[in-house]
Amino acid sequence: MDKGRQQLLRQLPDVDHLLQRPVLLAWQDRKSRQAVRDAVRAILDERRQSILAGKWDQPFSGDEFDQAVVQRLQMAERGHLRRVINATGTILHTNLGRAVFSSALARHIGELACHYSNLEYDLVSGKRGSRYDHVRELLCALTGAEDAMVVNNNAAAVLLTLSSLVSGREVVISRGELVEIGGSFRIPDVIEQSGGRICEVGTTNKTHLADYQRAIGENTAALMKVHTSNYRIIGFTESVPAPNLASLAHDHGLPCINDVGSGLFVDLAEWGLPHEPTVREVLEAGCDIVTFSADKLLGGPQAGIIVGKAAYLEAMKHHPLLRALRVDKMTLAGLEGTLRAYRDGTAVCQIPTLRCLALTKNELRERAERLLQLLHIDDLPACISLRQIDDCVGGGACPDAVLPGWSLAIEADGMTPEALERRLRRADLPVVARVQYHAVILSLRTLGEEELPDVACAVRKALGG
Ligand SMILES: *Cc1c(COP(=O)(O)O)cnc(C)c1O
């Protein structure tokens, strides 16, 4: 090891010495000696590793060390999972928790969380009930399905479907639909995990009905279609439409499974987006089982929904995996509330995801101007401007959909956009923004009206104002 690093390591004080620093003594009164000791140890360890890796070349500074320890203690105090402000313009940001609830729905979930409920109890007969009954009728009414059930997420819905219907046999699927959705969820892996075998047909860009037809044999258990949610193949392409695939399946007495990813109960074309079939339309096309996420464009809690023919769902209800994939009461409360909003025709005003999607350019521009006012930019060391920048849906839904939006672009004096982005992200109430066009971009679409004062405050503080 070189002399410089040795000297830096030698300069590091010992733990007991550091615990005598006034700032840290105050924290020991507030928390406990052990908590502060642990924090000091952790920061010392980090510092040692950085020095050894050649990533730290500053002499030891007590003030700077205090700050690092206090930051760590504050983080522990706040808890690890925290609220953030989404200024990315991506409505369904998987890293930021996808769909958010309205406060009315959150209150309903909260009430169920802190009281007993009829989760598996039939209040009429006084006998045991099923947790799936709370949403089954709503799901059937909204989609026209014979039966419905709910599991932990869409990955679980696909796994349960294939485990029940395909295990030990083959599922025929197009090479153009063997997708990876993100977070390493890959359709081929899920099929393998279910005990089923993949029979790939066609090519990446083109698959014809005859390709499926040729692949059907005595070992075939199902034909499957998967929505290529997060990417598009354009140009010389062809895939088999759901109605054609379903009737081919039925000609052979097989089920047609369709993983549509983001389940829709309303037509996106209403907001100028490309038309995507709704779940009802997919079922009407003849698909026997349709699976989708509850927390993508549906705007509900994390869950996976399976709808379709009662006979196939019956098999799933008795599958041992169901217990491992089951949803809890808070999920069911959130889902029932979301589905009721669709049933009552109030989805667009009650479900924040749809509200975000439906915001017009004018509304976004007004919101941007309000944020600009709250920022009092005259005395800020930055150039802040209104820009028309497109937002996206996210969550692997509609990859090429364009949502025209308005953003604020912030170029700070003497600070890189990356440094400003980092400061915003590390604020007391973190603001997650993106860096683009050499500026920090704050999209107004995903910022709630009531969040604007917090954003303004965080930006002013980050800019040193
Ligand atoms: C998003 C998606 C999934 C995974 O859904 P989760 O609810 O995140 O498990 C599966 N299939 C498709 C086509 C998807 O778009």
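In what follows, every heavy atom counts, from backbone to side chain, and hydrogens, waters and symmetry copies are set aside. In listed order, ligands and their atoms are each counted from 1. Keep in mind the model is a prediction, meaning the values are calculated, not measured.
- Within the model, atoms OG1 of Thr331 and NZ of Lys329 stand 10.5 Å from one another, a figure rounded to the nearest 0.5 Å.
- Between Leu354 and Tyr342, some side-chain heavy-atom pair lies under the 4.5 Å cut-off.
- When the ring pair (Phe, Tyr, Trp, His ring centres under 6.0 Å) test is applied to Tyr312, no partner is found at least two apart in sequence or on another chain.
- Surrounding CZ of Arg340 are at most 12 heavy atoms belonging to other residues, nucleotides or ligands under 6.0 Å away.
- Neither the backbone nor the side chain of Gln302 has a heavy atom within less than 4.0 Å of ligand 1.
- For ligand 1, the atoms closer than 4.0 angstrom to any heavy atom of Asp259 are 10 (C), 11 (N), 12 (C), 13 (C).
- Atom numbering of ligand 1 starts at 1 in the shown order; those under 4.0 Å from a heavy atom of Gly261 are 12 (C), 13 (C), 14 (C), 15 (O).
- For Asp122, the side-chain contact (heavy atoms from CB on, under 4.5 Å) partners two or more places apart in sequence, or in a different chain, are Val124, Ser125.
- Comparing Arg98, His227, Lys296 by heavy-atom distance to atom 14 (C) of ligand 1, the nearest is Lys296.
- The two residues Asp390 and Arg434 make their nearest non-hydrogen contact at O-NH2, 4.1 Å.
- Not a single heavy atom of Arg186 sits less than 4.0 Å from an atom of ligand 1.
- Listed by number with element, the atoms of ligand 1 under 4.0 Å from a non-hydrogen atom of Ser293 are 5 (O), 6 (P), 7 (O).
- Every atom of ligand 1 is numbered from 1 in the order shown, and the set under 4.0 Å from a heavy atom of Ala155 is 5 (O), 6 (P), 9 (O).
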